[in-house]
There are 2 protein chains.
Amino acid sequence: MGKKIFEKNENIENCPVRNVIDRIGDKWSMLIILLLAEEQVLRFNEIHKCIGTISQKMLTVTLKSLESDGLVKRTVFPQIPPKVEYELTHRGKSLLPHLLALTEWANNNMSDIKASREQYEKVNA
Amino acid sequence: MGKKIFEKNENIENCPVRNVIDRIGDKWSMLIILLLAEEQVLRFNEIHKCIGTISQKMLTVTLKSLESDGLVKRTVFPQIPPKVEYELTHRGKSLLPHLLALTEWANNNMSDIKASREQYEKVNA
DNA sequence: CGGCATCCAGATGGATACTG
DNA sequence: CAGTATCCATCTGGATGCCG
């Protein structure tokens, strides 16, 4: 297996893996990245409509987080009413293949995982 | 880009991607999977020592979750004092390449991401 | 239109004590 | 050794209302 992912007693809070998963692993980031990957460029309210169940607050918070990590580019058009467009950056696009791989794995394994969960519940009843 | 990841107004809570990320995205699951991938088989307290900062409770909870999803196999040796071993299942191992890919991406991009965050903070001061 | 501020419920997870 | 049980602090995220 070669190089160690992390050494024992290392400060795990600071390891890059956790740091990335902390962002990707929240409730909405991954969905937004996948959506932007499909649609290329979207306005705030377009994203909001596509992900009907997200609140305005969480959409704002998540987009800010993605922007601050340099995964999403935010373009403001200074007009009234305002217009803001979002799209993936190069860095965001470079993350995409891995997310798509995870997505595919999820689609392939979800029914088995659900069966495992139900079996587990039944045994530990 | 071909097939849609998710259709608009689809029930996002039930999509496989989110369902997987919900597990992987918690505080400890991914670390435990990576650790088991390296060490093959570990006892409860061995994992605990390797991940010094995890509480006993969260280790139990996380291992149960991974076991119920069929990603980790739990073997109890009926002896006193008890001995329990944990290892990845085939399904768990099949997830591994994607996690390693994410890990590598994280290592390659972390310094740039940190720089972006600091830059973002500076601009929005 | 694209936010921000505030308040609040529920989920997550840590500390501690106890057990077979 | 490998847990379980309980309590509690913090974090996440939803609802609502206001603003340029």
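- dC7(D) atom P lies 19 Å from atom CE of Met58(B), rounded to whole Å.
- Note on Tyr86(A): only backbone sugar-phosphate atoms sit closer than 4.0 angstrom, heavy atoms only; bases stay farther off.
- The side chain of Lys27(B) contributes an N or O atom lying less than 4.0 Å from OP1 or OP2 of dG14(C).
- In this structure, Ser65(A) contributes its side chain and Val61(A) its backbone to no donor-acceptor pair below 3.5 Å.
- Going from atom NZ of Lys83(B) over to atom P of dG3(D) covers 14 Å, rounded to whole Å.
- Of the side-chain N and O atoms in Lys64(B), one or more sit less than 4.0 angstrom from OP1 or OP2 of dT4(D).
- The interatomic distance linking Ile80(B) (CD1) with dA2(D) (C1') rounds to 12 Å, in whole Å.
- dG13(D) atom P lies 14 Å from atom CG of Leu63(A), rounded to whole Å.
- Distance, Leu31(B) CG to dG13(C) C1': 15 Å, rounded to whole Å.
- The backbone N or O of Arg23(A) sits less than 3.5 Å from a side-chain atom of Ser29(A), completing a donor-acceptor pair.
- Mapping Ser55(B) and Pro82(A) onto DNA chain C by nearest heavy atom places Pro82(A) closer to the 5' end of the strand.
- Listed pair Arg43(A) / dC1(C) fails the phosphate criterion, with no side-chain N or O lying under 4.0 Å from OP1 or OP2.
- Here the P atom of nucleotide dA2(D) and the CZ atom of Phe44(B) are 8 Å apart, to the nearest Å.
- Here the CD1 atom belonging to Ile32(B) is positioned 4.5 Å from the CD1 atom belonging to Ile54(B), to the nearest 0.5 angstrom.
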Next item on the list: Start with the C-alpha distance between Lys73(A) and Leu88(A), add both sets of side-chain angles, then the distance that settles side-chain contact (heavy atoms from CB on, under 4.5 Å), and finish with yes or no.
Entry: CA-CA 6 Å; Lys73(A) 178 179 154 202; Leu88(A) 290 184; over 6 Å; no
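- Nearest-nucleotide mapping onto DNA chain C: of Val84(A) and Lys57(A), the residue sitting toward the 5' end is Val84(A).
- Rounded to a whole Å, the CD atom of Glu67(B) is 13 Å from the C1' atom of dA2(D).
- Taking atom CG on Asp22(B) and atom C1' on dT12(D), their separation rounds to 13 Å, with Å as the unit.
- Closest approach of Arg43(A) and Pro82(A) over heavy atoms only: NH2-O, 3.4 Å.
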